[in-house]
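Small disclaimer: the values here were computed from a predicted structure and weren't measured. Just so we're on the same page: letters track the sequence lines, and every chain starts at 1.
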Number of protein chains: 2
Amino acid sequence: MAQHTIHKITNPASTFDLTAYLAEAKAEVEIALDASIQVTYPEKIYEAMRYSLMAGGKRLRPILCLAACELFGGDRTLVMPTACALEMVHTMSLIHDDLPSMDNDDYRRGKLTNHKVFGEDIAILAGDALLAYAFEYIVDFTKDIPPHRILRVIGRLGRAVAAAGLVGGQVVDLECEGKSDTSIETLNFIHSHKTAALLEVAVISGAILAGADDPDIDKLANYAQNIGLAFQIIDDILDVTCTSEQLGKTAGKDIAAQKVTYPSLWGIPASHVQAKQLVDHAKSQLQSYGDAAAPLIAIADYITARNY
Amino acid sequence: MAQHTIHKITNPASTFDLTAYLAEAKAEVEIALDASIQVTYPEKIYEAMRYSLMAGGKRLRPILCLAACELFGGDRTLVMPTACALEMVHTMSLIHDDLPSMDNDDYRRGKLTNHKVFGEDIAILAGDALLAYAFEYIVDFTKDIPPHRILRVIGRLGRAVAAAGLVGGQVVDLECEGKSDTSIETLNFIHSHKTAALLEVAVISGAILAGADDPDIDKLANYAQNIGLAFQIIDDILDVTCTSEQLGKTAGKDIAAQKVTYPSLWGIPASHVQAKQLVDHAKSQLQSYGDAAAPLIAIADYITARNY
């Protein structure tokens, strides 16, 4: 009679209101980011840093950090400086990626890119300053957490940005420009470094600061790597299916640049299937935590469901 | 009879062989730097990082860090990872300063600048990677030092690079380009941020890691700020008096750019006097340490005595 046994599948995310969770967490992050940089002499550089840091966005990295901290019983105020630092680093990578010598983008999040407003020299320096300040900010503002945990987060954050992280991903991305024979392995390398590495450090830094142990941190790293790739697959799909207005940045860029993407390799329906499988795998990493993992599980689902 | 009292002035640097000290320390730093970055996939970015990191130079920042550590009884191997990180950060600032949208330099230390060899995109990313890796490197390779001291060094290093440090100095420097009315206060701001801030963190990080207390760290910070400005005055003088071959970079750039410099404000003889006064003030900070301060005192003298 085994085939008739009905497993009760509980979905901890079913009663969880993600929209409210994201809105509340985002509001807290915005307040913390706004307070993180004051404009002083020389004003132009602080204004350039703030221009891109306060330009909106989903604040996914800070929110993942807060959610991971809460999963291990930590109060989100403990990790807010690190959450802000993650957004500073992410903002740096966007400013530098948009430069004329890189992706040469004029718009980002519906606004002119940093170098279009402040000039290329200031945009490069604003990125440098945000990156360096992120590390200072974690050190100066993280309270009531053992120093060795903070050090571990700083080491992982440095690695996630450097050549073993998003810089390495961007280098391979630039090398693949205009090439039609980019392999799926290379595409995965690009995005596991360019996108997933920073999502991973966002999640694990919240966990490390809250005192999670190594097996927990490994599970969260797997979760983040999987949602990172899913996120990029969806990004590639949206580049094809959305307008520039919907995206807040130039749409159809990948096709215009004859860039190999997940949909160009697999087609759109199969890309959706792959993204869903990655998200399912990400969620499976969190099974043992029960309802406490509801926010991270809902965020994983949200990544495949988003429309822009 | 007080006016006849002869104070015995002891000069701890008199019997100190700076040339041998610098050669030995530099050789150790070169070995450590060479081991700090291995080339792996994607090779181009690691090669770009190594190209500028291994391009020579005096290695003044690492050596100051080692010397400050030894002043407080620390073994230089304890601070070598931080010494390397300081050179990575310095190298990043040189790569980005040389970019076409900044100072647009073709040569540095007698070699083509990073962007002339690897392209502007890779040069920007090599700088980003060196900056992020510097923090990772300190965390991953500093052993046998209490975490709270390492954290303090990381916080100070971040500050020295960000808008409150060398980025802020570079921004004001760029703003002053082509202006003939730059004040001495502005010139001091530029160089106390663009040059002295990183020298300061080089010296104090060695002291912090070796366990120096706050009054000691203040003295060393004063020492470094003063030698930093003296260093820049001499740099400005050498730009006027040396050939490009001697400097390993384009000479006469300041005059060509109609840039206000210390010699353009004061003339060359008075600039030499000012540099000497700053060095004397720097050395006075170290009086209480006796012979143990001989390397730092000799380095201060060396700064005004150098010919290229």
Side-chain angles (χ1 to χ4, degrees), chain A residues 37 40-42 44-46 48-49 89 92-93 96 99-102 115 119-140 142 146-152 154-172 174-175 189, chain B residues 37 40-42 44-46 48-49 89 92-93 96 99-102 115 119-140 142 146-152 154-172 174-175 189:
Chain A
I37 298 177
T40 179
Y41 178 79
K44 199 202 276 181
I45 187 68
Y46 293 97
M49 292 163 76
V89 167
M92 174 284 295
S93 76
H96 283 189
L99 286 167
S101 61
M102 305 260 211
H115 64 273
E120 210 175 320
D121 49 356
I122 296 295
I124 293 168
L125 289 168
D128 293 348
L130 282 166
L131 177 54
Y133 187 54
F135 293 98
E136 180 193 353
Y137 198 73
I138 293 173
V139 172
D140 286 358
T142 304
H148 69 274
R149 289 189 199 160
I150 306 172
L151 272 185
R152 191 170 172 193
I154 287 168
R156 293 296 297 252
L157 181 58
R159 184 173 177 81
V161 180
L166 61 86
V167 163
Q170 173 72 351
V171 167
V172 178
L174 289 166
E175 282 174 353
F189 181 93
Chain B
I37 298 177
T40 178
Y41 179 79
K44 200 203 277 182
I45 187 68
Y46 293 97
M49 292 163 77
V89 167
M92 173 284 295
S93 76
H96 283 189
L99 286 166
S101 62
M102 304 261 210
H115 64 273
E120 210 176 321
D121 49 356
I122 296 296
I124 294 168
L125 290 168
D128 293 349
L130 282 167
L131 178 54
Y133 186 55
F135 294 99
E136 180 194 353
Y137 198 73
I138 293 173
V139 172
D140 286 358
T142 305
H148 70 274
R149 288 189 199 161
I150 306 172
L151 272 185
R152 191 169 172 193
I154 287 168
R156 293 296 297 254
L157 181 59
R159 184 173 178 80
V161 180
L166 61 88
V167 164
Q170 173 72 349
V171 168
V172 178
L174 290 166
E175 281 175 352
F189 181 93

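- Taking all atoms of both residues into account, the shortest heavy-atom contact from B:Ser101 to A:Glu120 is CB-CB, 3.8 Å.
- For A:His96, the part lying under 4.5 angstrom from a heavy atom of chain B is the side chain only.
- Closest approach of B:Ala129 to A:Ala163, counting heavy atoms only: CB-N, 3.8 Å.
- For chain A, the nearby parts of B:Leu125 are the backbone and the side chain; heavy atoms of each come within less than 4.5 Å.
- Considering every non-hydrogen atom in both A:Met92 and A:Gly127, the closest pair reads CG-O, 3.0 Å.
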>> Run A:Ile154 and A:Val139 through side chain to side chain contact (heavy atoms under 4.5 Å, CB included) and show every step you take.
In response: CA-CA 9 Å; A:Ile154 287 168; A:Val139 172; 3.7 Å; yes
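- A:Leu151 touches chain B through backbone and side chain together, each having a heavy atom under 4.5 Å away.
- Contact count against chain B (heavy-atom pairs under 4.5 Å) is highest for A:Asp128 among A:Ile122, A:Asp128, A:Leu130, A:Thr142.
- Between A:Gln170 atom CD and A:Glu175 atom CD the span is 11.0 Å, to the nearest 0.5 Å.
- When heavy atoms are compared at a cutoff of 4.5 Å, A:Leu99 approaches chain B solely by way of its side chain, counted from C-beta outward.
- Here the CZ atom belonging to B:Arg152 is positioned 10.0 Å from the CZ atom belonging to B:Arg149, to the nearest 0.5 angstrom.
- Counting heavy-atom pairs under 4.5 Å between each of A:Asp140, A:Ile150, A:Ile37 and chain B puts A:Ile150 at the top.
- Contact of A:Ala164 with chain B is made through backbone and side chain together, with heavy-atom distances under 4.5 Å.
- For B:Phe189, the part sitting under 4.5 Å from any heavy atom of chain A is the side chain, from C-beta outward, and nothing else.
- When all heavy atoms of B:Gly155 and A:Glu136 are compared, the closest pair comes out as O-CG, 3.5 Å.
- Smallest separation of non-hydrogen atoms from A:Gly168 and B:Pro42: O-CG, 3.7 Å.
- In this structure, the portion of A:Tyr46 lying under 4.5 Å from any heavy atom of chain B is its side chain and not its backbone.
- Your options are B:Gly158, B:Ser93, B:Gly169, B:Ala123, and the one with the most heavy-atom pairs under 4.5 Å with chain A is B:Gly158.
- Between chain B and the residues A:Leu157, A:Val161, A:Val89, A:Ile45, the most heavy-atom pairs under 4.5 angstrom are made by A:Ile45.
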